[in-house]
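Single-structure report; data block below.
Just so it is clear, the structure is predicted and the values come from calculations on it, not from any experiment. Only this structure's heavy atoms are used, side chains among them; waters, hydrogens and symmetry mates stay out.
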Amino acid sequence: MELARVISSAHDFAVLCTAYNPLHKELYSGSQDCLIKAWDAQTGQLLRKQTGHAGWVTDLLYVPELRLLFSCSIDHTIRVWSDKGKQAQVVELVGPIFCLSWCKRKQWLLVGGKAQLHVYNVDAAAAGRAAVQRRAPPVTEAATVPGGPPLLAAVADDGNKVLVEAIPPLQGAEQCHTDIIRSIVCTDMGFIVTLSYDRAMYIYGEERMTTPTRVRKASAARFTAVAWDKANNWLLTGAADGCVKVWSQEGRILDELMHTSDQAAALCYVPATRNYWVTGQHGNIQAFDPRAPGDVTPFIKATSNLQGGLHVTQLRQPPGSDVVIACTAKRQLMLWRPNPGAAFRTFTARPTWMEAVLVVPQPDSEPSIVFSACADGHVLRWELDADLNADSYKVGEEMPLHDSNVLAMVYSQDLDALITASQDTTIRIHWQNLRGKGGGGVCTSAAVVWLSELKCMQHSPGAVSPYQCCRQRRVQVEALQGLLSQMQTAGVGHPDGLGPHSRAAVGAAAAGAALGGPTLPTQAQDDGAAESTKPGLDVVLSHEGRVTGLALLPDWALASVSHDRSIRLWDLHTFKPLKMVRDAHETGLQGIDYSPDRDELVTWAMDNFAYVWDAVRLTTKYALVGHSAEVTQARWVGFKQCWVTAGDDDTLRTWATDGTPLHQFAYMGGSVQYLFVDNMNGVVLVSMLDKATRAYDLCSKQPCIKYVGHDEVVRGVDYLPEKGLYITGSWDESLRLWHRIGHPSNTPKAYGGLPDARQAKQQQEGGQGVKGPELCRLPPLETPRALQDIKTDLVQLFLTNMASDEMGERQEVPLVDLSGLGSQLRDLDRRLVKDLEAVAEKIVPVKRGSKQGIPFSSMSRSARRLSRVKNDRQYGGRQLSIQSVESTKSTKSQV
């Protein structure tokens with residue numbers, strides 16, 4: 001949820017109630033000044049004042065299906081208003097009225113007073129007539145606010161009765177409360193729940209309104225607020241003692257939330273995030289996740305602007321909408337609305353920059369492990385907080401691996417190790433032992449894996465040759481076989497039969513003896529020795545300059561690039577270099593990526609091109625040439641089988657597997673800082689200098705969605721597959737989670753999640769269509785038939801901007817120099833005339849007023865206009881250009 005609008009000094013007195021019109025995007029507020037005000041929810045502009053009540057306006061209710069606004073007051077009246085501000089009916093009751101509720105199943109209006117419950121039917125015909133009434137009522141002098149001028153109240157049409165009493169008022173201890181009815185909730189299952197200051201709860205059935213179920217002393221203090229959790233069919237209540245309880249709709253207590261305040265002033269259920277928002281004595285909002293249940297305020301405070309000092313007195317989530325409205329003690333109106341491009345969760349741990357993010361999926365549906373690299377050389381391992389159970393992560397371990405910035409990270413499943421590259425010119429292999437969490441332990445050296453594979457080779461001697469080639473290295477099978485025979489002679493059996501510590505010790509010794517590599521310390525040492533040699537557990541490789549990129553290759557190989565302009569291949573068996581290419585670029589290399597589909601590498605430096613290399617021979621195959629400025633990122637796109645590059649010329653470019661340019665996408669956001677390819681969902685995420693991250697499907701030039709929320713540039717992006725969330729790390733010292741495209745919480749209503757019409761047609765015809773993201777990128781706007789032949793950028797820009805308005809984001813187009821405004825307008829006029837004339841020439845008129853035999857009345861508006869233009873030109877009539885009209889006028893004046 002994003003704070004979209006704050007209206008200051010909405011009324012002269014305290015604001016008591018609010019309502020929302022989702023059709024017109026209007027916000028209604030009622031106050032102690034006896035006024036109802038209508039506001040534009042998007043701009044915050046006051047639209048009108050609706051007068052009529054002679055006392056405090058205690059509640060407002062807008063019903064979208066009726067297009068009517070209901071209001072109640074302590075002046076003993078209920079008033080019905082059209083959405084234009086016309087008062088349609090006034091219903092007078094005995095005693096003040098405090099709350100309203102709408103029963104959609106029965107089309108009832110429920111009215112709560114002091115020890116009375118009123119039920120009204122709504123006359124559909126009268127409601128329809130009232131809804132279309134305009135705001136032009138006669139006025140008459142009404143009551144006066146104490147100390148203020150007289151108000152003007154609209155006279156209602158008593159002949160048009162919208163509300164008709166359904167049943168006699170419910171009163172008495174057997175049927176109703178004995179004190180003020182504070183709130184009424186209507187459930188989807190046919191229950192009506194009322195809460196009162198008498199601390200009791202009454203549960204009515206729609207078919208048995210006169211025999212309710214009573215829950216006496218449901219709270220230790222008077223009820224102050226109530227909300228309905230539609231997703232779980234739970235009732236949420238708040239009392240004056242600060243106790244927040246969760247109830248079933250039958251009246252059973254399910255849970256009690258921990259609340260830090262001594263008074264729950266207001267609460268509501270937020271359907272967009274499925275959280276509970278609760279305010280306390282000081283008006284600060286706390287967010288609870290019902291799955292835990294637990295307080296998730298620290299994770300959404302920055303995104304939802306839930307800062308202290310708001311002094312919220314009332315929270316409301318209007319039915320039929322996805323917004324949240326709050327009233328404050330400072331007479332402010334605050335409106336939150338869901339933002340698909342806002343962060344879902346925010347986490348902070350260390351006051352230092354985030355330089356890289358890496359997600360390591362776990363087997364057996366276990367939650368993924370997240371690593372974040374910091375600018376001080378530390379790496380944090382984040383784990384899902386199982387205790388909170390609210391999609392929140394906590395730091396499980398902090399690892400000081402380097403002396404300066406960690407610039408790249410990869411994780412080797414074979415080694416079960418994290419490999420990091422740093423500005424201090426080193427590459428560090430840090431053993432994680434993530435697979436050994438379940439017990440039994442896992443060897444921290446790769447030697448045991450070799451010995452296990454060697455045992456299999458020994459049982460099938462014909463399966464491999466004496467020397468097994470693996471890319472550019474040869475594993476000395478004979479030497480390892482000799483070591484294995486020595487182990488068996490010494491009484492050591494198959495490595496799999498050893499315990500975890502013995503297996504590690506034997507494997508490390510075998511590795512050092514066989515290949516002449518470093519003898520790796522293991523966890524087989526006693527505690528004191530292990531503590532003394534712990535810094536030596538990691539393997540350190542080095543370049544001559546800072547290491548800027550890493551890429552894991554098959555067959556236990558690692559590729560790295562550096563500012564020393566070299567590409568190096570490392571053997572992860574021996575931790576020695578396999579091959580090195582010096583002066584791979586003329587400048588320091590900035591990154592590297594690997595294509596598993598083609599067994600190729602791509603590298604880029606401070607040049608306007610990128611090189612594609614053969615990953616086996618490490619030779620150049622072709623170059624990606626086309627950018628006019630420095631290439632900042634390059635990746636292999638598996639779901640499109642192409643390369644994608646980003647440059648400082650503000651373009652994204654895709655390339656075929658032979659280096660041929662395919663498409664070009666212009667963007668506005670500054671230099672690309674990071675590029676992530678999500679092959680699961682078929683999008684490419686691009687983080688730019690403007691601190692935003694945009695998702696492209698590479699089918700259109702416009703982004704599918706724009707993620708905004710970081711205060712500094714984003715330096716790392718990855719994907720959590722089990723959660724359907726993206727995770728980003730930034731220089732603002734935070735990690736943030738974002739909903740992927742197509743996620744139920746991230747599907748704009750304008751799309752509806754429906755497939756593209758062309759794709760649906762292809763599926764009906766038996767074709768597979770084009771694989772793309774789960775969410776249709778744009779609403780189904782189609783070019784009119786009369787304009788289909790016009791291929792100008794103006795028409796495409798117009799249609800795209802219309803579609804982007806539905807998405808909440810307009811197309812980003814380059815700024816144009818408007819210094820010569822007159823010449824610009826003349827050029828625009830000429831282009832419009834030229835385009836319209838080109839279309840008009842293609843229309844063959846059968847007779848005046850028709851197009852190709854089509855009746856004039858059945859033609860579209862644009863087609864009729866073009867038909868008139870063509871016929872007028874044919875008969876010497878009107879001209880199209882403004883200059884021609886002016887010349888015609890001057891000619892007539894001379895005549």
message: List the residues meeting salt bridge (Lys or Arg N to Asp or Glu O under 4.0 Å) with Asp289, not counting sequence neighbours, and say none if there are none.
response: Arg291, Arg345
field: Note: Asp697-Lys701 ion pair, threshold 4.0 Å (strictly below)
entry: no
message: Under a plain distance cut-off of 3.5 Å, with no hydrogens placed, do Trp655 and Thr660 share a side-chain donor-acceptor pair?
response: no
task: Kindly indicate, with the supporting measurements, whether the criterion side-chain hydrogen bond (donor to acceptor under 3.5 Å, both in side chains) is fulfilled by Asp424 and Ser422.
output: CA-CA 5 Å; Asp424 60 9; Ser422 172; 3.0 Å; yes
query: Does any donor atom in the side chain of Glu600 or Tyr622 lie under 3.5 Å from an acceptor atom in the other side chain?
result: yes
message: Could you check whether Trp336 and Ser304, counting side-chain N and O atoms only, form a donor-acceptor pair closer than 3.5 Å?
response: no
message: Is it the case that the side chain of Arg740 and the backbone of Tyr726 share a donor-acceptor pair, with hydrogens and angles ignored and the cut-off at 3.5 Å?
response: no
Distance (rounded to the nearest 0.5 Å) between Leu407 CG and Ser562 OG: 10.0 Å
query: Under 4.0 Å between a Lys/Arg side-chain N and an Asp/Glu carboxylate O for Asp391 and Lys723?
result: yes
query: Looking at Leu601 and Ala559, what are the two nearest heavy atoms and their distance?
result: CD1-CB, 4.2 Å
task: Determine whether the side chains of Asp571 and Trp556 contain a donor N or O and an acceptor N or O closer than 3.5 Å.
output: no
Atom pair CZ/CG of Arg337 and Asn339 - distance to nearest 0.5 Å: 9.5 Å
- request: For residues Val395 and Ala349, report the shortest heavy-atom separation together with the two atoms involved.
  value: CG2-CB, 3.5 Å
query: For Thr620 and Trp613, which heavy atoms make the closest approach, and how far apart are they?
result: OG1-CZ3, 3.2 Å
message: Testing the 3.5 Å rule here: is there a donor-acceptor pair between the side chains of Asp649 and Thr651?
response: yes
- prompt: Per the ring pair (Phe, Tyr, Trp, His ring centres under 6.0 Å) rule, which among Tyr707, Phe344, Phe676 passes with Trp738?
  reply: Tyr707
task: Answer with yes or no whether the side chains of Trp604 and Thr645 bring together a donor and an acceptor at under 3.5 Å.
output: no
message: Regarding Thr654 and Trp643, do their side chains bring together a donor and an acceptor under 3.5 Å, going by distance alone?
response: no
message: Between Thr728 and His710, is there a side-chain donor-acceptor contact under 3.5 Å, judged purely by atom types and distance?
response: yes
message: Donor-acceptor pair, distance only, cut-off 3.5 Å: does the side chain of Thr426 make one with the backbone of Leu541?
response: no
message: For a 4.5 angstrom cut-off between non-hydrogen side-chain atoms, does Thr346 reach Ile300?
response: no
- prompt: Is a side-chain donor-acceptor pair under 3.5 Å present for Thr348 with Ser734?
  reply: no
- request: Compute both the distance and the angle, then confirm whether Arg635 meets the cation-pi test with Tyr674: under 6.0 Å from the six-membered ring centre, within 45 degrees of the axis.
  value: yes
query: Are any side-chain N or O atoms of Gln641 and backbone N or O atoms of Phe639, one a donor and one an acceptor, separated by less than 3.5 Å?
result: no
- request: For Asp614, enumerate each residue passing the salt bridge (Lys or Arg N to Asp or Glu O under 4.0 Å) test, keeping only those at least two apart in sequence or located in another chain.
  value: Arg617
- request: Check whether any side-chain heavy atom of Arg568 sits under 4.5 Å from a side-chain heavy atom of Ser560, and report yes or no.
  value: yes
statement: One should read off an interatomic distance between Leu380 CG and Glu383 CD, to the nearest 0.5 angstrom, of 12.0 Å
query: Is a donor on one side and an acceptor on the other found under 3.5 Å between the side chain of Lys691 and the backbone of Asp711?
result: yes
- request: Report yes if some heavy atom in the side chain of Trp731 is under 4.5 Å from a heavy atom in the side chain of Arg715; otherwise report no.
  value: yes
Any donor-acceptor N or O pair under 3.5 Å, side chains His402, Thr420: yes
message: Within the 4.5 Å heavy-atom criterion, are Leu675 and Leu685 side-chain neighbours or not?
response: no
query: Taking atom CZ of Phe665 and atom CZ of Arg653, what is their separation to the nearest 0.5 Å?
result: 11.0 Å
Heavy-atom side-chain proximity of Leu737 to Leu720 below 4.5 angstrom: yes
query: CG/Leu558 to CZ/Phe575 distance, rounded to the nearest 0.5 angstrom?
result: 10.5 Å
message: So Trp636 and Thr657, do their side chains get closer than 4.5 Å, heavy atoms only?
response: yes
message: Less than 3.5 Å apart, any donor N or O on the side chain of Gln590 or His563 sitting next to an acceptor on the other?
response: yes
- prompt: Taking all non-hydrogen atoms of both residues, which atom of Met688 and which atom of Gly669 are closest, and how far apart?
  reply: CB-O, 3.3 Å
message: Looking only at side-chain N and O atoms, does Asp648 offer a donor or acceptor that is under 3.5 Å from a partner on Ser671?
response: yes
task: Start with the C-alpha distance between His585 and Tyr611, add both sets of side-chain angles, then the distance that settles ring pair (Phe, Tyr, Trp, His ring centres under 6.0 Å), and finish with yes or no.
output: CA-CA 9 Å; His585 286 254; Tyr611 281 140; 4.7 Å; yes
query: If you take all heavy atoms of Ile369 and Arg381, which pair is closest and at what distance?
result: CG2-CG, 3.5 Å
- prompt: Looking at side-chain heavy atoms only, is the closest gap between Tyr594 and Pro554 below 4.5 Å?
  reply: yes
- prompt: Do we see a donor-acceptor contact under 3.5 Å between the side chains of Ser412 and Asp414?
  reply: no
- prompt: Taking it one step at a time, do Asp416 and Trp431 satisfy side-chain hydrogen bond (donor to acceptor under 3.5 Å, both in side chains)?
  reply: CA-CA 6 Å; Asp416 195 12; Trp431 316 107; over 6 Å; no
- prompt: Do any N or O atoms from the side chain of Thr425 and from the backbone of Ser542 form a donor-acceptor pair under 3.5 angstrom?
  reply: no
- prompt: Are any of the side-chain heavy atoms of Ile727 and Val370 separated by less than 4.5 Å?
  reply: yes
message: I need the Gln362 CD to Leu384 CG distance, nearest 0.5 Å.
response: 12.0 Å
